[in-house]
Amino acid sequence: MAANEDYQSLVRGVDSLSFTGEAVPCKLLLTGDSAFPVLVSPRKDVLIAASRYGNGKVVVLAHEDYLNRETFMVFLKNAVSWLSPNSNANIGVHNKLHLLAKNLSASGYKVQKTSTLIQGLGVFCTNGYDGHQAEEIISFVREGGGLLIGAQAWHWSYSHKENVLHHFPGNKIVCVCGVHFTSDYGEKGDFSVTKNMPHVPLYTDYDFSVDQRFLLNGVSQLDIRGLAISSDLLLHGALSFPVGLSENKQCFVGATYYGKGRVVVVTHEVYLSLPELKTLMLNAISWLDIGHKRRIGVHSDLKDFSEVLQKENIPCLVSNLVPNLSVYCCNSYSDAEAKSIHQFVAEGGGLLIAGHAWWWSYQNPTCNVLTHYPGNKILNKFGISILCRTIPQGIYKAISPNETSEQYHFHRALRRLPTELKSGAELQPAFSSWIANLMRDVSAFVRLPACPITSSIQSQLLKMINAYIPNVSEKSPIRSNSKEALLLHVAHESYNVSHSCDESNILEKEPSIDVNINASNPGEDAWRSTGLYLAPRKTAVLKFPASAVHQGFQVQIGCQADDLSSKDELSRAPVVIRRSHVDRQKVFVSSFWGGLLYIIVKANSNFGTVPVKVYGAEPAPIYIKGETSLDSWLHSIHKLPAPWAELVTENVILTVPSDSIRSLKDPEALLSLWDRIMVAITELSSKPTKFPRPERFVVDVQISAGSLHSGYPIMCQMEYVKDLTDLHHIHKKGIWGPIHELGHNRQKKEWELRPHTTEATCNLWSVFVHETVLGIPRDQAHPELQPNSRRSRIKSYLQSGANLEQWGVWTALETYLQLQEGFGWEPFKRLFREYQSMSGIRDENKFKMNLWAEKFSQAVKTNLVPFFEAWGWPIDQSTRSKLSALSVWEKDPMRHYLTDKKSN
């Protein structure tokens, strides 16, 4: 980073600096993306800072006395050298800085003593107590000049009621480059100058209540109902604050100070013109219009908003950003004016910008919203970023400015975090209420583009995580709102951003392993196993052929796909998978948690076999039916130390903890059984016997829902290892749960009757597999299918009036089982095949019920209308007419129940 090089230039030959004596420094506040600290005291007070602005540079000291001290002269000469646009530049030195002028002259600099900025200077050295030349000095720096300035603002604050950050003379100059003098005392003492650039401390004492009162004047609630869906905001700048918050404290209107200007961000452009938000928007224009110059520019994309302003007799110009505007209004979908907007705001303009990022993120799934979204290329510098997270529509209560000190603020929470982590006690109530917000914000913050402030905070976060990362397991779970959970939550993302590796070290010291990836994939996105494991926090390099770059491939570390962020208790980190796009031939990957290594091949790919060289990973226990020899498995492969193992056959891959298969003697027999199971799955589905992509099962210590759930992969808790890998157990007890989830993956919305059959029709596959493959009758496959239970359930349903609200799970399954027992499996296979080519099926249950009744009746050449009506299905007259010529079902099992009901 350029700031590191700048820092080294400034401190060359300087081991320490003495901030003793009568002079009392103030703290310096750093904002923006260019400012960086040069000296930070042990108490974490910034006493010297530097920055760039436009083509120029600035060095700021926290008291003007330090500009005239002999002990500072080595540093000050470094500063002037760094600030100088060229070696022959004239150095202007304020008349009061005699010692500085003398030392610079003795060192060969062309020094001109002056009390003001004059023409022909390359560097200007002055104090920060006179702001009459602020605009000229800012222009001087912007055009390439260097500014060395010293001041303290605490004394000024005693005699001035105005806000120090905005009205102190020195701040009217240096704030444009992201450095501010504050009214707080800085630490005194003899302080070492660190070899590397010090961390940026967090300044958290700013009070936004006056601004919030102004912006929310006359506003009691914020109504964001309607069709517009807004994005969430990340308020990561020290001078940013919320204006509109949802119930769970997501921000849809935020504001900030930057330089001499102000910014308001609204996360949907429709909100600008909503009648319900008009008062807020007019307040925003007034707050942004510093000096009330009433020169408002509105981009042509926001014509509706310009009409709102005109109706309120607020003159505005529909245009791009042009000179002499006091406020500019635009959307966040273009960064064409980013550079101009940055200068406009820094030098005193007001910016109202509106737009959401969630739709952009859908259209650009491989991009980082924080880095690449156009609006964030404008806003990141200001300390506000638009996220892809959405906010629920609703009516939200306006913020109470009286509670500012208790309001969550990202910097305030981060500053308190180390104290909370060091404490062995429970979280303080106020901080505990911030945990959810902090988790969300840190996850976003670590993806911000690098700059001195964000990189420093990201680095500090990683150090905290490494120091306090908790041990978590099924036997030692943690609460999701605890500080331990916070660490688990942010460890993954923080490591991803902060980790770097030495390419030559990996390529020279690690042996390579050749992996051939099947990159032909007619199905949905598929994980291709490399058979390798990457240890936690170790780096691997994958070398792809040039033809594979930018073709949609991704490298994935980890198999545990579930995000547990919404769980009340955690037995592992919420997110453990990491993915990296193959955007170059050599892809470096690493993960805080480690895991099996996969290549993701996107849907409908046809790249044949892609050879990949992998450095830094180790072989994992993997058995591939038809490829791995049983002898190799028994003598070496099953003993490999990697913690995860995979058993692979054509249509299914079983991923389990390695310890659970150390004693597996015959994986060939086990996978042969799974082959027959998966063929049966396709048979009932009326699909080809080879799946477009193999199904996957992953066993995990904790999953996001239930004890198993469907998807890719199908996730199971640890208790299901035997169901997947124990041949004797499968034959004896059956495996209802795993087949149930495979059934879920076969369900189609065209014939599903949600929510009634969601947990019902998937069980058709469980019954079919158990009876046709495992030889286990349905009444033994699951206790709910024992005859007495089935009869009792039907009677209870009919006694309640055959109400479809009660037709679900086992009751709904009974309807389909009666059809199967009456007509066999062939009609189901026929219908599942027929539905694959049908179109125009309305997604409403009544329509789909009539269609199923019609199609099944035609398949079995029997009028099943009475049967379905007995179950309470809403069969309409047109269906009755279509089926009237067919004979009725003489063995309709519902007749018996209906007769019994009448007799009772």
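Here the structure is a predicted model, which means the values were calculated and not measured.
Ionic pairing of Lys882 and Glu854 is present here: one or more N-O contacts between side-chain nitrogen and carboxylate oxygen are shorter than 4.0 angstrom. The pair Lys749-Asp843 fails the salt-bridge criterion, with no side-chain N (NZ, NE, NH1 or NH2) lying under 4.0 Å from an Asp/Glu carboxylate O. One finds a salt bridge joining Glu821 and Arg778 here, because a Lys/Arg side-chain nitrogen approaches an Asp/Glu carboxylate oxygen to under 4.0 Å. Residues Arg790 and Glu784 are not paired through a salt bridge, judged by the lack of any N-O separation under 4.0 Å between the basic side chain and the carboxylate. Looking at Glu844 and Arg842, a side-chain N of the basic residue comes within less than 4.0 Å of a carboxylate O on the acidic one, giving a salt bridge. Salt bridge present: Arg895 and Glu890 bring a charged side-chain N and a carboxylate O closer than 4.0 Å. Between Glu759 and Arg754 there is no salt bridge, since none of the side-chain N atoms of the basic residue sits less than 4.0 Å from a carboxylate O of the acidic one. With respect to the salt-bridge test (charged N to carboxylate O, under 4.0 angstrom), the residues Arg696 and Glu646 qualify.
A donor-acceptor distance shorter than 3.5 angstrom exists from the side chain of His756 to the backbone of Leu804, with no hydrogens or angles considered. At least one donor-acceptor pair under 3.5 Å links the side chain of Asn863 to the backbone N or O of Leu883. Without hydrogens or angle criteria, Asn745 side chain to Gly711 main chain gives a donor-acceptor distance under 3.5 Å. One N or O on the side chain of Thr628 and one on the backbone of Ile624 form a donor-acceptor pair closer than 3.5 Å. Distance alone, capped at 3.5 Å, places no donor-acceptor pair between the Asp232 side chain and the Leu387 backbone. At least one donor-acceptor pair closer than 3.5 Å links the side chain of Asp726 to the backbone N or O of His729. Between the Ser857 side chain and the Leu864 main chain, a donor and an acceptor come within less than 3.5 Å of each other. With hydrogens and angles ignored, the 3.5 Å screen pairs a side-chain donor or acceptor of His770 with a backbone N or O of Ser766. For the pair Gln702 (side chain) and Ser571 (backbone), a donor-acceptor distance under 3.5 Å is present. Looking at Gln393, its side chain does come within 3.5 Å of a backbone N or O of Gly226 through a donor-acceptor pair.
For Glu805, the CD atom counts as loosely surrounded, since its 6.0 Å shell holds 12 or fewer non-hydrogen atoms of other residues, nucleotides or ligands. Enclosure of atom CD in Glu524 is not indicated, since only 12 or fewer non-hydrogen atoms of other residues, nucleotides or ligands lie within 6.0 angstrom. Counting heavy-atom neighbours within 6.0 Å of Asp568 CG, excluding the residue itself, gives a total of 12 or less. The environment of Lys733 atom NZ is sparse: at most 12 non-hydrogen atoms of other residues, nucleotides or ligands sit within 6.0 angstrom. Around the NZ atom of Lys249, the shell of radius 6.0 Å holds no more than 12 heavy atoms that belong to other residues, nucleotides or ligands. Within a 6.0 Å radius of CG in Leu227, other residues, nucleotides and ligands contribute 12 heavy atoms or fewer.
Ile224 approaches Tyr396 most closely through the heavy-atom pair CD1-CE1, 3.6 Å. The two residues Ser480 and Met439 come nearest to each other via the heavy atoms O-CE, 3.1 Å. Residues Pro738 and Tyr720 approach most closely at CD-CD2, 4.3 Å, considering heavy atoms. Ala519 and Val610 make their closest contact through CB-CG2, 3.6 Å (heavy atoms, listed as atom of the first residue, atom of the second, distance).
Ring geometry for Tyr373 versus Trp360: interplanar angle over 60°, hence perpendicular rather than tilted (30 to 60°). In this structure, Trp751 and Phe832 have tilted ring planes: the angle between them lies in the 30° to 60° band. Taking the six-membered ring where tryptophan is involved, the planes of Trp873 and Trp807 are perpendicular, since the angle between them exceeds 60° and thus also 30°. By the 30° and 60° cut-offs, the orientation of the rings of Trp810 relative to Trp736 is tilted. The aromatic rings of Phe828 and Phe856 sit perpendicular, their planes meeting at an angle over 60°, well past the 30° parallel limit. Taking the six-membered ring where the residue is Trp, Tyr271 and Phe252 present perpendicular rings, their angle passing 60° and hence far from 30°.
Under the salt bridge (Lys or Arg N to Asp or Glu O under 4.0 Å) test applied with Arg746, the options Glu695, Glu741, Glu683 reduce to a single match, Glu695. Each of Thr772, Ile739, Leu817 was checked for a side-chain contact (heavy atoms from CB on, under 4.5 Å) with Val767, and the lone residue meeting it is Leu817. Test Lys848, Gln747, Glu752 against Thr757 for side-chain hydrogen bond (donor to acceptor under 3.5 Å, both in side chains) and you get one pass: Glu752. For the side-chain contact (heavy atoms from CB on, under 4.5 Å) criterion with Phe867, the lone passing option out of Leu819, Thr862, Val888 is Leu819.
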Arg880 vs Glu869, test: salt bridge (Lys or Arg N to Asp or Glu O under 4.0 Å). Steps then yes/no. CA-CA 11 Å; Arg880 291 192 189 92; Glu869 288 185 324; 2.5 Å; yes
Before you tell me yes or no, could you show the steps for Glu814 and Trp871 under side-chain hydrogen bond (donor to acceptor under 3.5 Å, both in side chains), namely the whole-Å CA-CA distance, both residues' side-chain angles and the distance that decides it to 0.1 Å? CA-CA 10 Å; Glu814 188 62 41; Trp871 278 103; over 6 Å; no
Check step by step if side-chain hydrogen bond (donor to acceptor under 3.5 Å, both in side chains) holds for Asp562 and His709. CA-CA 10 Å; Asp562 279 1; His709 70 72; 2.6 Å; yes
Let me see the working for Arg579 and Gln556 under side-chain hydrogen bond (donor to acceptor under 3.5 Å, both in side chains), right down to the final yes or no. CA-CA 4 Å; Arg579 290 175 177 168; Gln556 175 175 301; 2.7 Å; yes
For a side-chain hydrogen bond (donor to acceptor under 3.5 Å, both in side chains) check, start with the C-alpha distance between Asp675 and Thr649, then their side-chain angles and the critical distance, and finish with the verdict. CA-CA 7 Å; Asp675 278 343; Thr649 188; 2.5 Å; yes
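Note that CE of Met715 is 9.5 Å distant from CD of Gln717, once rounded to the nearest 0.5 Å. Atom OG in Ser685 sits 8.0 Å away from atom CD in Gln836 (nearest 0.5 Å). Between the CZ atom of Phe868 and the OG1 atom of Thr815 there is a distance of 8.0 Å, given to the nearest 0.5 Å. How far CG of Asp876 is from OG1 of Thr879: 4.0 Å, rounded to the nearest 0.5 Å. Between atom CD1 of residue Ile653 and atom NZ of residue Lys625 there is a gap of 14.0 Å, rounded to the nearest 0.5 Å.
For the residue pair Ser273/Asp304, the side-chain donor-acceptor check at 3.5 Å is not satisfied. Between Ser231 and His268, the side chains place no donor N or O within less than 3.5 Å of an acceptor N or O (distance only, hydrogens not considered). No side-chain donor-acceptor contact under 3.5 Å links Thr609 and Asn516. At a cut-off of 3.5 Å, with distance as the only test, a side-chain donor of Gln560 or Asp700 sits close to an acceptor on the other residue.
Relative to the six-membered ring of Tyr598, Arg528 misses at least one condition, a distance below 6.0 Å or an angle of at most 45° to the axis.
Residue pairs meeting the ring pair (Phe, Tyr, Trp, His ring centres under 6.0 Å) criterion with at least one member in residues 551-574, sequence neighbours excluded, are Phe553-Phe607.
Aromatic rings of Tyr333 and Trp359 (six-membered ring for Trp) have centroids beyond the 6.0 Å cut-off, not under it.
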